[in-house]
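Shown next, in structure tokens, is the structure this report addresses.
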Amino acid sequence: MIRNLAVILVAVVLPLLTACRKEREFPPYDNTAEREAFYQRYNAETREKLAERKKELEEKLAADPDNAETRRDRDDLERRLQRPDYFEELQESDLPQDLTWETGMDQPELGSEKAVKGGTLHTYIQGNAYPPTLRIVGKEANNSFRAFHWDYVEMALVGIHPNTGAIIPGLADRWAVAGDGQTVYYHIDDAATWSDGREVTSGDFMMAYYVSLSPYLTEPFYRTYYSEQFWGIATYGKDYVCIRNAFPKPMAAYFAAATPYQEEYYREFGPDFEERYNWRPRPTTGAYAIHEEDIVKGRSISLSRVKDWWAKDRKYYKNRFNVDRIEYRLVRDEEKIFQMFLRGDIDIYWLNDAKKWYERTEVEPVFKGYIERATFYNDYPRPSRGLYYNFARPPLDNLDVRTGLCYATNWGKVIDLDLRGDAERLNLLSEGFGEISPTDVQARPFSVPKALEAFARAGYTRRGNDGILKNDKGDRLSFTITYVKHPVLDPMMLRLKEEAKKAGVEYKLEGLDGTAAFQKTARKEHEIAFAGWAITPPFPDYFQQFHSSNAFMDDGKTPRPMTNNLSSFADKDVDKILEDNRNARSLETVIRTSHELERIFHDRAVWSPAYQRPFYRVGYWRWVRWPDDFNVKIADEPEIAQVFWIDEEVKKETLEAMRTGKSFGEVNRVYDQYRISSESEETEAPPVEEGATPEEGDPQPAAEPDPMPTEDESKEEGGGDE
């Protein structure tokens, strides 16, 4: 879609009109009675389904008494029938007495003792598009800004230590996994409160499950996920909550851990939820909240530090979330963002753009040390960045065509030239999970002969006058790539376009802003989408992208919108492996099924893997300070763990130095303590620039890399992460 004059005028005028327009007023609504009725109805429906399932399994066992899988399913069902209700409200006295409680307090602290509270971080909205909503669920809630005001801020019952991978307390100060390996009990920290001062109670978690299972949400994902992945939720008074995973799982306490939805705030959740709550700020349990005055539609959104945040002195949180305010400004032009950074209007800027890193930061603020630069090697699963083929759009339903496209797409040249060798070829959908990620699956290299051979098998043998292959019907090998328009991505896409011509393929480029690109691919209206998913440890999740339930509507022909199955991939045999992977009861099953799935998706040519980086690069004004090791190990971007702080004295010193011309010396640091050793890795760590004169006590590059095996880097490139 090309931005015409009308679109530009709308972009200019809309914020002004929005500021003047009075928000719609909604009539009062209280879902208390409706919610209680829902719990009862859902329990009754669950009991009925379980009875039907029991009858089905008994018939299967009667026909095949020795079937081990059916016997296991029957045993699971018998255990579930001991507590058949999905929603339970019990008393604290009903808690099992034989539980072994854990606290997770034996892990190392995070952040730096030198951190100080205060100051404002000036930054920008990733993706250069204003979010369509502040809701965290419902229509368009899965936008690029959601992570910054929800995922990185809100607290769940427990979390993962970002250096060790161990489970640590969140809203729960202790938890216990029952002997079945799937039922988890949590005690809510007595101090846990919402930003509006209300106590966090077990009812807030019941509300989360009610909202997620409700028919009022547009997309079906939450209803499906919560109904299939959990046996239910129970409250034991207001201080204890129990969540039952549908299967025994490794790290069961982490997978069962829920994030609460405040009962009072969601009391008006109903049929008009998506409109009523679209721009309604919510109370949080985390360090930051958005207030009404923090929202300037079309221009900025700010997060304000919660006064007397309940977790401010807790072990894993006391040296984090240090700044008082984070201002996210909307700047639609990436070049303008960069210039604002060089002027000091933006404090932190990702420098994964090779041209900016090697050439455009050769400026006085860098030479004199007002802006410092860092390269940080992280240990985080790599985003599954690449070209995804939509099987619902012929001839992309033809394996030979897709295979040919993989060979016709020259990512190697993009890496060598556009990325200046500062990246490696991506091979897997889930790369960076240690032994879970297979080593024998390799992406197809650029090869014109192999591409032509595959296209010939599909009947495309004649080149037209323009060099593009055609079949006997005159159909051309022409495809549109939908991607997020961005100065870094544009030349990459152009290079792929030019290289593909050598193999007889025409790539038409459709660069859209982040919101438009996401909406088009979510509606499955694309042919080929350049996209990438930021994958959260500790295990991969292939189900969302490839299970047939997320592919088509009930007619089996119409692509199902608003799911992450961009490929419209549907195969009942593969569904079974996907289900086994998601519902794995052991690490061994996770490894086995992950290896199977990676080979299947490679053989089926569902995508053309792009590139990955083992590090990220960042520039920041010297008043932004960091711990001695810079950042946490399991992090895909500089701000995710919030371990930095603003030093107002250093800021004053820097501004005075800029006025007088004083130099602190150029600073370019490398942190490779978390670099993953690999015999095949050839990329050398970028050297520390000569002339760097860091101040005493500043963090220094690690002497040796940490060989322990186990971003998302595409956000700063407009990569359109789902």
Side-chain angles (χ1 to χ4, degrees), residues 28-36 38-39 87-95 99 101-105 134-137 149-159 167-176 184-212 214 232-243 253 256-269 277 280-292 303-318 320-321:
Y29 190 83
D30 188 334
N31 63 24
T32 303
E34 179 184 9
R35 186 161 24 113
E36 289 299 326
F38 177 87
Y39 294 157
F87 293 97
E88 298 176 290
E89 296 180 82
L90 307 171
Q91 301 302 313
E92 187 173 326
S93 58
D94 296 321
L95 277 168
L99 297 174
W101 295 92
E102 303 175 53
T103 64
M105 294 299 290
L134 282 183
R135 283 182 286 96
I136 56 175
V137 291
H149 73 92
W150 171 256
D151 303 77
Y152 300 167
V153 174
E154 197 61 78
M155 298 181 71
L157 284 162
V158 299
I167 298 176
I168 58 174
L171 289 169
D173 59 0
R174 60 183 183 272
W175 58 93
V184 189
Y185 297 84
Y186 303 89
H187 175 262
I188 302 168
D189 194 310
D190 292 335
T193 54
W194 294 92
S195 54
D196 61 5
R198 287 185 170 87
E199 180 185 10
V200 177
T201 70
S202 58
D204 297 325
F205 295 93
M206 289 281 277
M207 178 65 84
Y209 273 70
Y210 168 64
V211 170
S212 299
S214 168
I233 179 172
T235 60
Y236 290 81
K238 68 181 181 64
D239 295 329
Y240 289 88
V241 63
C242 168
I243 298 175
T259 304
Y261 292 11
Q262 192 194 72
E263 276 192 283
E264 184 61 32
Y265 175 80
Y266 283 97
R267 195 176 298 279
E268 295 186 14
F269 176 86
Y277 282 80
R280 181 183 292 188
R282 71 182 188 284
T284 74
T285 59
Y288 296 105
I290 297 175
H291 306 299
E292 287 190 15
L303 275 63
S304 297
R305 183 174 166 80
V306 175
K307 294 182 179 180
D308 297 322
W309 178 41
W310 74 272
K312 63 184 176 65
D313 297 320
R314 291 295 193 267
K315 178 178 180 178
Y316 302 117
Y317 304 97
K318 63 182 181 179
R320 299 166 59 195
F321 309 100

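All values reported here derive from a predicted model rather than from experimental measurement. The analysis underlying the following values was restricted to heavy atoms, covering all of them including side chains, and did not include hydrogens, waters or symmetry mates.
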> Of all heavy-atom pairs between Pro283 and Ser195, which one has the smallest distance, and what is that distance?
Replying inline: CA-OG, 3.2 Å
>> Using 0.5 Å steps for rounding, measure from the CD1 atom of Ile233 to the OG atom of Ser212.
In response: 9.5 Å
> Quick one: OH on Tyr316 to CE on Met105, what's the gap to the nearest 0.5 Å?
Replying inline: 5.0 Å
> With a 4.5 Å heavy-atom cut-off, do Thr285 and Pro260 have their side chains touching?
Replying inline: yes
> At their closest point, which heavy atom of Ala258 faces which heavy atom of Tyr209, and how far apart are they?
Replying inline: CB-CE1, 4.1 Å
>> Determine whether a donor-acceptor pair (N or O, by modelled atom type, separation under 3.5 Å) exists between the side chain of Trp175 and the backbone of Ala253.
In response: no
> Is any NZ, NE, NH1 or NH2 atom of the basic residue among Arg35 and Glu263 found under 4.0 Å from an Asp or Glu carboxylate oxygen of the other?
Replying inline: yes
>> Any heavy-atom pair between the side chains of Tyr240 and Tyr185 that's under 4.5 Å?
In response: no
> Do Lys312 and Phe321 touch side chain to side chain, with heavy atoms closer than 4.5 Å?
Replying inline: no
>> Could you check whether any side-chain heavy atom of Trp150 comes within less than 4.5 Å of a side-chain heavy atom of Thr259, counting everything from C-beta outward?
In response: yes
> Rounded to the nearest 0.5 Å, how far apart are CD1 of Ile243 and CG of Leu157?
Replying inline: 5.5 Å
> Taking it one step at a time, do His187 and Val241 satisfy side-chain contact (heavy atoms from CB on, under 4.5 Å)?
Replying inline: CA-CA 7 Å; His187 175 262; Val241 63; over 6 Å; no
> Of the non-hydrogen atoms in Lys315 and Lys318, which two are nearest, and what is the gap between them?
Replying inline: O-CG, 3.9 Å
> Quick one: do the Trp194 and Asp204 side chains pair a donor with an acceptor below 3.5 Å?
Replying inline: yes
>> side-chain contact (heavy atoms from CB on, under 4.5 Å) for Tyr265 and Met207? Distances and angles first, verdict last.
In response: CA-CA 10 Å; Tyr265 175 80; Met207 178 65 84; over 6 Å; no
>> Under the rule for side-chain contact (heavy atoms from CB on, under 4.5 Å), what residues qualify as partners of Glu199, not counting sequence neighbours?
In response: Thr201, Lys238, Asp239
> Do the non-hydrogen side-chain atoms of His291 and Pro281 ever get within less than 4.5 Å of each other?
Replying inline: no
> Any side-chain heavy atom of Met206 sitting closer than 4.5 Å to one from Tyr39?
Replying inline: yes
> Are Tyr29 and Glu34 close enough that a side-chain donor and a side-chain acceptor fall under 3.5 Å?
Replying inline: yes
>> Is it the case that atom CG in Asp30 sees more than 12 heavy atoms from other parts of the structure closer than 6.0 Å?
In response: yes
> Please walk me through it: do Val211 and Val137 pass side-chain contact (heavy atoms from CB on, under 4.5 Å)?
Replying inline: CA-CA 9 Å; Val211 170; Val137 291; 4.2 Å; yes
>> Which label fits Tyr261 and Tyr266: parallel for a plane angle under 30°, tilted from 30 to 60°, or perpendicular past 60°?
In response: parallel
> Between Tyr210 and Phe269, does the ring centroid distance fall short of 6.0 Å?
Replying inline: yes
>> If the condition is salt bridge (Lys or Arg N to Asp or Glu O under 4.0 Å), which residues does Asp196 pass it with, not counting sequence neighbours?
In response: Arg198
> Could you state the interatomic distance from OH (Tyr317) to CH2 (Trp310), rounded to the nearest 0.5 Å?
Replying inline: 7.0 Å
> Could you give the distance from CD1 (Ile188) to OH (Tyr236), rounded to the nearest 0.5 Å?
Replying inline: 13.5 Å
> Can we call the ring centroids of Tyr288 and Trp309 under 6.0 Å apart?
Replying inline: no
> Which pair of heavy atoms, one from Arg314 and one from Ala191, lies closest together, and at what distance?
Replying inline: NH2-CB, 3.4 Å
> Listed by chain and number, what are the salt bridge (Lys or Arg N to Asp or Glu O under 4.0 Å) partners of Glu154, not counting sequence neighbours?
Replying inline: Arg282
>> For the CD atom of Glu89 and the CG atom of Asp94, what is their distance to the nearest 0.5 Å?
In response: 12.0 Å
> How about Glu36 and Asn31: do any of their side-chain heavy atoms sit closer than 4.5 Å?
Replying inline: no
>> Just so I know, are the side chains of Val153 and Leu303 near enough to count as touching, which here means a heavy-atom distance under 4.5 Å?
In response: yes
>> Between Leu171 and Phe205, does the side-chain contact (heavy atoms from CB on, under 4.5 Å) criterion hold? Intermediate values first, please.
In response: CA-CA 11 Å; Leu171 289 169; Phe205 295 93; 4.1 Å; yes
